[in-house]
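Data block below; observations after.
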Amino acid sequence: MNENKILQVKAIAEELGVSESTIRRDLKELELQGKLKRIHGGAVKNTGQNVLNGHKETDMYQRMDINYPEKVKICKLAAKKVKDGDCIFLDGGTTLVPLMGMLQYRPVTIVTHNYLAVAQLNRPKAQIIVIGGDYSSKYAMGMGSMAQNEIAQFQFDVAFIGCAGIDQKTGMAYTAEMSSREIKKIALQNATRTYLLVDQSKMNVLGFCKFEALSTFDTIISEEGESSMEIDEEFMLVEH
């Protein structure tokens, strides 16, 4: 447990000499028992519904391997939404990183401030436009007013968006801090088709910042089917 009282999957696995997948399964069971709340990269003590902020989030590099097979599955579903010739916004976050690898050899244009996704490039055929701004080492992305201004210059056929959490009671998507929230909102406003990519760890997680109503998105794509997600159809459609 770190100074912010976060149980980190990688640290626990190394200390106990077991796999990270084993720790994640154990944390999932403890969450079902109401003893903790899973967050990106680990878990926190359950004191009700925790509000996820920047202090409680682990950095992107620590999250890369978390639920990676699920992220790949989500991105495969997302890639099916792309047509040749599309202009695409690829948001920050580790969930969207595999999508860059799937799209980089297609005849599309990709605009992103996600430097982890940029690191996946290998002689791409797609046109890649990398957004600058203030580099955040924690989030591995360009942020701030410069990044916002650059993204505002583009119109997108498709925007793939990530988030820190979604909540079925409020019908909202959340971020843990303000800067990425503003970038997401700009991309959404400038996109014809919008998709929110989430995995199970983000279910019923309240973030520090309200981002967007779930009903705003054309589709919310998860690795699970609708019954497993247990989200009210009033709020969203889960893509199989």
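Predicted model only: the values in this text are computed from it and were never measured. No hydrogens, no waters, no symmetry mates; every other heavy atom, side chains included, goes into these values.
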_Less than 4.0 angstrom from a charged side-chain N to a carboxylate O is my criterion; do R193 and D86 meet it?_
yes
For N190 and Q155 the tightest heavy-atom approach is O-NE2, 3.3 Å
Run the side chain to side chain contact (heavy atoms under 4.5 Å, CB included) check on I23 and L16 step by step: do they pass?
-> CA-CA 9 Å; I23 298 300; L16 298 180; 4.1 Å; yes
- Are Y135 and H113 an aromatic pair by the rule of ring centers under 6.0 Å? no
Between G85 and D157, the two heavy atoms sitting closest are O-OD2, 4.1 Å
May I ask you to decide if N122's main-chain N or O and Q104's side chain share a donor-acceptor pair within less than 3.5 Å? yes
Note to self: Is any side-chain heavy atom of V111 closer than 4.5 Å to one of C87?
What the structure shows: no
Nearest heavy-atom approach of T175 to F211 is CG2-CB, 4.0 Å
Result for side chain to side chain donor-acceptor pair (under 3.5 Å) between S180 and one of E177, E182, K184 points to E177
Check your understanding: Would you find a donor on one side and an acceptor on the other, under 3.5 Å apart, between the side chain of N114 and the backbone of M141?
Key -> no
dist I166:CD1 -> Y174:OH (nearest 0.5 Å) comes out at 10.5 Å
Hits for salt bridge (Lys or Arg N to Asp or Glu O under 4.0 Å) against K185, two or more places apart or cross-chain, chain-then-number order -> E212
message: When you compare the side chain of T22 with that of R25, does any pair of heavy atoms fall below 4.5 Å?
response: yes
Correct closest heavy-atom pair for L90 and T112 would be O-OG1, 2.7 Å
Between A191 and V158, the two heavy atoms sitting closest are CB-C, 4.5 Å
| request: Give the cluster check for I12 versus V18: same hydrophobic cluster or not, with ILVMFWY residues linked at side-chain heavy-atom distances below 4.5 Å. | output: yes
inquiry  = Check this for me, if you would: do D84 and R106 make a salt bridge, where the nitrogen-to-carboxylate-oxygen distance has to be below 4.0 angstrom?
reply    = yes
TODO: Tell me whether L121 is reachable from L103 by hopping between hydrophobic residues (I, L, V, M, F, W, Y) whose side-chain heavy atoms are closer than 4.5 Å.
DONE: yes
Here the pair of heavy atoms bringing A187 nearest to F89 is CB-CD2, 3.4 Å
